[in-house]
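Sequence positions, counted from 1, serve as the residue numbers for this chain.
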Amino acid sequence: LKPGFGLEIVTMVDQPQNDDERAVKYHAVINTQADEVAKKHAFVDKAYNVHERAFIRLLLEKMVDDEENPTHTLKRSECINLRSELKGNFKLSLPQAERIVQVLLDEQWLRVSTRLDDDDDDEEEKNEQDNDGETQSSRKKKRRRRRDSVHNKLELAPRSYLELSHYLTNLGLDTEDLPQFLFHRN
């Protein structure tokens, strides 16, 4: 496919984050040429203005920063609050930042992390001890909904690794932190 069409078939192995999960393989056809089709569907050209593109770049930089963020996850609230760290003349309102983070989740550039952190277990135990009047099941549902809003940890989704791997490594992501890729070449 590559010599004739500039396309490459790639398989990415997404390793499980918890013991009860299995590895998942994602297959993608990647356009390796800078042709009109690629330009039309480019990640940064998707109706984002310059302020939104600066915000997305900052978000990706913070996600891949090994020194400040070795787990490559950020809480949704942290992602949204990155708008205050935009430099220069770039500005973004709270609703704009919330919308962009939601679009990145909806289009599967980001996903909610399923990694279990020690902090999450401690917080859940504390919440269970604090609430006496409610059933444990309803408390868990309320906590889950609340967490789903701003406290969920977000991470790069497989689509980001498949389509933006070169960009992410240029931002500073160590190649050892990339998922396993299998290139199907002749």
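- Judged by distance alone, the side chain of Glu107 and the main-chain N or O of Leu104 form no donor-acceptor pair under 3.5 Å.
- Remark: Gln108 CD to Leu156 CG distance equals 13.5 Å, nearest 0.5 Å.
- Here the side chain of Ser160 pairs a donor or acceptor atom with the backbone of Trp109 at under 3.5 angstrom.
- Atom-to-atom distance recorded for Thr175:OG1 and Leu168:CG is 12.0 Å, nearest 0.5 angstrom.
- Taking CG from Asp65 and CG from Leu173, the interatomic distance works out to 10.5 Å, rounded to the nearest 0.5 Å.
- For Asn69 (side chain) and Thr73 (main-chain N/O), a donor-acceptor pair under 3.5 Å exists by modelled atom type.
- Of all heavy-atom pairs between Leu154 and Leu110, the closest is CD1-CD1, 4.4 Å.
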List the steps and the verdict of side chain to side chain contact (heavy atoms under 4.5 Å, CB included) for Lys75 and Lys153. CA-CA 4 Å; Lys75 288 184 179 178; Lys153 290 200 174 194; 4.2 Å; yes
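- A distance of 7.0 Å separates OH in Tyr161 from CG in Leu178, rounded to the nearest 0.5 Å.
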Please lay out, stage by stage, how Arg76 and Gln102 fare under the test side chain to side chain contact (heavy atoms under 4.5 Å, CB included). CA-CA 9 Å; Arg76 184 181 184 129; Gln102 188 59 49; 2.5 Å; yes
For residues 55-64, which side-chain donor-acceptor pairs fall under 3.5 Å, sequence neighbours excluded?
| unit_1 | atom_1 | unit_2 | atom_2 | d |
| --- | --- | --- | --- | --- |
| Arg57 | NE | Glu61 | OE2 | 3.1 |
| Arg57 | NH1 | Tyr167 | OH | 2.9 |
| Lys62 | NZ | Glu85 | OE1 | 3.3 |

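- With hydrogens and angles disregarded, no donor-acceptor distance shorter than 3.5 Å links the side chain of Asp174 to the backbone of Asp177.
- Put simply, CD on Gln96 and NZ on Lys91 are 12.0 Å apart, with the number rounded to the nearest 0.5 Å.
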Report the C-alpha distance between Leu92 and Leu82 in whole Å, list the side-chain angles of each, state the deciding distance to 0.1 Å, and finish with yes or no for side chain to side chain contact (heavy atoms under 4.5 Å, CB included). CA-CA 10 Å; Leu92 215 55; Leu82 285 175; over 6 Å; no
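- Classification of Arg111 and Asp14 as a salt-bridged pair holds, one side-chain N sitting under 4.0 Å from a carboxylate O.
- Ion pairing between a basic and an acidic side chain is recognised when a charged N comes within 4.0 Å of a carboxylate O; Arg99 and Glu52 show such pairing.
- Proximity of a side-chain donor or acceptor of Thr169 to a complementary backbone N or O of His166 within less than 3.5 Å is detected.
- Under the side chain to side chain donor-acceptor pair (under 3.5 Å) criterion, Asn81 pairs with no residue, sequence neighbours left out.
- Side-chain contact, Gln15 with Arg22: no donor N or O sits under 3.5 Å from an acceptor N or O.
- In this structure, His51 and Asn89 approach most closely via the heavy-atom pair CE1-O, 3.4 Å.
- Of all heavy-atom pairs between Phe90 and Leu86, the closest is O-CB, 3.6 Å.
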Show, in sequence, the C-alpha distance, side-chain angles and deciding distance for Val101 and Ile80, and conclude whether the side chain to side chain contact (heavy atoms under 4.5 Å, CB included) test is met. CA-CA 7 Å; Val101 170; Ile80 293 167; 4.0 Å; yes
